Each structure stands twice: as C-alpha cells, then as structure tokens.
Amino acid sequence: MKFVYFGSSGFSRVVLEELFAQGYTPSLIVSQPDKPRSRGLKVLPLEVSMFAQEKHFLLLKPCSLHSEEFIQRIKKESAETFVVADYGKLLPPELLALSGKIPIALHPSLLPCYRGAAPVNWALIHGEKETGNTVFRVREKLDSGEILLQERVCIAETDNAISLHRKLARKGADLLIKALDQIKRNEYMLTAQNEAFASFAPKLSKKDGKISWDADASTIRNLIRGTLGWPSAYTDYKKITLKILETQIVETTVTQAPATIVRIDKNGIYVATAKNLICIQKVQPQGKKPMDAYAFVLGHNVTLGEQFT
RNA sequence: CGCGGGGUGGAGCAGACAGGUAGCUCGCAAGGCUCAUAACCUUGAGGUCAGUGGUUCAAAUCCACUCCCCGCAA
C-alpha cells in the first residue's frame with residue numbers, strides 16, 4: 001500500500017526502520033527541516049532524515065506544511081494513506097484531506113492518556129507499571145482521533161526512557177503494520193477516545209530533570225529513569241553538576257537529612273531521601289563521560305556526610 | 001567563528017599559574033594476616049603525560065597548530 005511517512009525523531013526512525021525491515025516502505029518521507037543543533041552551530045539532519053538519506057528514500061523537509069508547493073507535491077503523490085509517528089508538528093486539515101483513506105498515527109501511550117510530546121517519559125516519571133501503543137486516526141486536534149488499535153506494554157522496573165522508547169517503537173511498528181493491513185482491506189474499527197480520561201504529557205525541559213532530594217527514593221528513581229537520554233536527571237556536588245544515570249533503591253530507615261551521603265562502597269553512593277536510600281551507581285559529571293559512581297568518588301574525595309544540592 | 005570543561009599506567013583524579021627523578025585513591029599480580037571478607041599489611045608489574053612542530057641546558061608543565069571526548073545553549 002502506498003503511504004507517506006511523517007516523522008523526525010529517533011523514536012520515529014526506529015519505527016521506520018522496522019517498517020522497512022518488514023517490507024513496508026513509504027513512497028515518500030516527510031521530516032522536519034535540518035536544524036542547527038549540538039555544539040558548534042552545526043546544521044544536522046534529524047534522525048528520520050538521516051535514515052532516509054542512507055536508504056535513498058524520497059525525502060521532503062518542508063518548512064511549512066501549509067505552503068502551496070508542499071501541498072501540491074503531496075497531492076501529486078496520491079498516497080493511499082499517511083502514517084505519522086512523532087513528526088513534531090500538527091498536520092493541517094488541507095493536508096489530511098489528501099490522504100486517500102484515513103491517515104493514521106502511532107502514539108506510544110494508551111490514549112487518551114499521555115497525549116502530547118513526551119508520553120514515554122511521563123509514564124516513567126509517574127511510576128506507571130504499564131503503558132502501550134495506540135494507532136489512531138489523525139485529526140486536526142493533537143492526539144485526539146478515533147482509535148483503531150491499542151496494545152498494552154508492561155514497564156519493567158529496569159526500564160528507562162531509552163529502553164522503553166526502543167521497545168515501544170518496535171512494537172509500535174508491528175501495530176502500524178496491522179493497521180495498514182486493516183485499512184487496505186477496509187476492515188477497521190474506529191473507537192472514539194473518551195475525553196473525560198484525557199491527560200497530557202508535555203515536552204520536557206531541562207528544569208524537569210532537577211532532582212529534589214526531599215522526595216522519596218522511588219519518586220527520584222522514576223525521574224531518573226524517565227528523563228534518561230534527555231534532559232537527564234541532575235544534581236550538584238560542590239561546584240560540579242552531575243547527571244545521575246543509574247540508581248537502585250535501598251529500603252531502610254533513614255535518619256539523616258535528605259540529600260546527605262550516608263554510605264559509600266563499590267556499588268556507589270548512598271543518599272538519604274524522604275523515604276529509603278537511593279544508591280547512585282552511574283553518573284556523568286559535566287564535561288565528562290559517563291562513569292561508575294565509585295570511580296567518581298575515587299577522583300573527587302567524596303566523603304560521608306556531604307550533601308548534594 | 002554560539003559558551004564552556006577535558007585527553008597523565010586498566011578506572012577516576014592531582015601535578016601545569018611560578019619548567020628540573022611520574023604522584024594520589026582504586027584496580028591488577030604475587031605473598032602475608034585472618035574463622036572469613038569488597039577489610040588490613042608487604043612487595044611488584046604497568047606511562048613515548050592525545051599528536052606534530054617550536055622555545056630551552058632541560059617540557060606533562062611555556063608557545064603554535066592538529067586530532068579526539070564531553071557539558072551547556074539551540
């Protein structure tokens with residue numbers, strides 16, 4: 001079936017790779033324009049664009065989805081459907097109208113929960129035990145269209161934002177394929193979302209990664225899991241900003257003030273929280289590569305009783 | 001030319017400003033102590049100090065250039 005793929009991020013790239021691996025190749029890929037990113041003002045293509053270039057797919061990177069030129073180009077494509085996965089912009093009605101059959105999108109949450117830009121991160125931050133994928137009909141309003149297919153996915157205790165994104169992207173591709181086959185045969189069911197249960201998972205910002213040691217250990221650990229990759233959870237030790245990458249909870253009675261280092265051994269740095277200890281196992285100091293927390297201790301004379309800020 | 005940190009035995013760091021024997025905390029190896037241990041004690045191996053050129057009697061250290069890694073910002 002001929003379809004146009006809209007996507008831009010790393011998550012979207014994995015989905016696209018899976019579709020490609022299983023023989024579902026879009027006739028055209030639409031990604032976002034290259035943007036200056038990373039240090040040094042370099043203009044780099046986004047993940048989906050890079051994949052498209054590697055595989056020599058037709059690729060468009062329109063600045064505006066409303067432009068006459070772009071609309072005409074899509075019209076000419078006369079695709080049977082559109083597949084959207086983390087494109088990052090809403091598709092305007094005049095564009096959606098160009099999809100032969102219904103346009104569909106993949107969203108890595110159990111809609112109507114966690115609509116928006118960062119559903120996977122927020123599910124982890126909230127300590128959810130379960131999330132999922134939803135394939136829905138693209139409507140003008142964000143993540144609000146009728147549901148075609150939905151699949152539940154367990155969140156493991158060891159999952160983090162990176163592993164869960166990857167897991168959901170792979171499973172999501174399978175779900176999209178199922179939906180594409182249904183659309184092809186005109187054998188799909190649309191179920192309206194229950195607006196009463198809708199919730200929103202907004203884009204994260206750097207501030208969201210700041211650790212409050214006043215919270216309990218599991219809340220802190222969930223933040224660390226949910227923000228891994230970007231923006232990452234961080235705290236300050238003396239003048240150094242530390243990203244906290246891996247932790248473990250140690251259930252015990254805490255007598256020291258939150259943020260106090262109460263124990264150090266080869267497993268890492270044990271820090272007091274409002275409830276239980278959290279053992280920091282892996283960190284990344286600013287300007288450095290990720291390292292074992294104990295390695296950081298060795299080089300920086302970390303001592304008991306010191307506090308993170 | 002967006003801002004900034006960094007590259008020193010296997011790991012993390014000090015030494016650099018005020019050039020002059022390669023240092024610290026670990027790890028590793030061998031031995032000892034111990035009921036025992038990730039504890040303690042002895043001893044040991046392991047470095048062209050990212051690279052190239054320059055200054056100098058002498059460069060990890062000063063100067064110039066190059067390569068690589070990372071944080072912020074976007």
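By convention in this document, chain letters (A, B, ...) are assigned in the order of the sequence lines, proteins followed by strands, and residues within each chain are numbered from 1. Owing to the predicted nature of the structure, the values given are computational and were not obtained by experimental measurement.
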Please find out if less than 6.0 Å separates the ring center of A/F3 from that of A/F82. no

Is any side-chain heavy atom of A/I280 less than 4.5 Å from a side-chain heavy atom of A/F308? yes

Send over the distance from A/D292 CG to B/A38 P, rounded to a whole Å. 18 Å

Here's a test of your reading of the structure: between A/N301 and A/Q284, which maps to the more 5' nucleotide of RNA chain B? A/N301

Between B/G6 and B/G47, how far apart are the P atoms? Round to whole Å, please. 27 Å

Need the pair for B/U42. Rule: Watson-Crick or G-U wobble, both distances under 3.5 Å, any strand; none if unpaired. B/A30

Taking only the P atom of each, what is the distance from B/G9 to B/G23 in whole angstrom? 14 Å

Rounded to whole Å, the NZ-P distance (A/K203 to B/A74) equals 10 Å

Can you give me the closest heavy-atom contact between A/L124 and A/G226, atom names plus distance? CB-CA, 3.5 Å

Here the distance between atom P of B/G6 and atom NE2 of A/H300, to the nearest Å, is 11 Å

What's the gap between B/A16 and B/A60 when it is taken at their P atoms, as a whole Å value? 14 Å

Let's test this: given Watson-Crick or G-U wobble pairing with both distances under 3.5 Å, identify the partner of B/U25. B/A11

Separation of the C1' atoms in B/G51 and B/A59, to the nearest angstrom: 15 Å

Only pairs with both distances under 3.5 Å count, Watson-Crick or wobble alike; so what is the partner of B/C57 in this structure? B/G20

Any strand, both distances under 3.5 Å, Watson-Crick or G-U wobble: B/U52 pairs with B/A64

Nearest-angstrom distance from the residue atom CD1 of A/I264 to P of B/C26: 12 Å

In terms of ring plane angle, is the pair A/F296 and A/H300 parallel, tilted or perpendicular, where the classes change at 30° and 60°? parallel

d(CG, A/N267; P, B/A11) in whole Å: 21 Å

Whole-Å distance between B/A11 P and A/K289 NZ? 10 Å

Should A/K266 be listed as having a side-chain N or O under 4.0 Å from OP1 or OP2 of B/G27? yes

Distance between the P atoms of B/C63 and B/A29, in whole angstroms? 42 Å

Please state the C1' separation for the pair B/U8 and B/C24 - nearest whole angstrom. 13 Å

Could you state the CG-C1' distance from A/L298 to B/A11, rounded to the nearest angstrom? 8 Å

With a 3.5 Å cut-off and no angle check, do the side chains of A/D216 and A/T219 form a donor-acceptor pair? yes

Looking at B/G71, B/C26, B/C70, which one has an atom nearest to any side-chain atom of A/K243? B/G71

Categorize A/K206 for me: base, sugar-phosphate, or nothing, with a 4.0 angstrom heavy-atom threshold over every strand shown. sugar-phosphate

Separation of A/Y237 atom OH from B/G12 atom C1', in whole Å? 13 Å

With a 3.5 angstrom cut-off on both distances, give the Watson-Crick or G-U wobble partner of B/A36, or none if there isn't one. none

Can you tell me if the side-chain N/O atoms of A/K288 get under 4.0 Å from OP1 or OP2 in B/G7? no

Would you check if there is a donor-acceptor pair between the side chains of A/Y114 and A/E128 at a distance under 3.5 Å? yes

Comparing A/R263 with A/M291, nearest RNA chain B nucleotide closer to 5' gives the residue A/M291

When you compare B/A58 with B/G53, how far apart are their P atoms, in angstrom units rounded to a whole number? 16 Å

Let's test this: given Watson-Crick or G-U wobble pairing with both distances under 3.5 Å, identify the partner of B/G2. B/C72

Does the B/G4 base have a donor-acceptor partner in the side chain of A/R39 within less than 3.5 Å? no

In the structure I gave you, are the side-chain heavy atoms of A/L190 and A/L148 within less than 4.5 Å of one another anywhere? yes

Using the P atom as the point on both nucleotides, what is the distance between B/A30 and B/U25, in whole Å? 22 Å

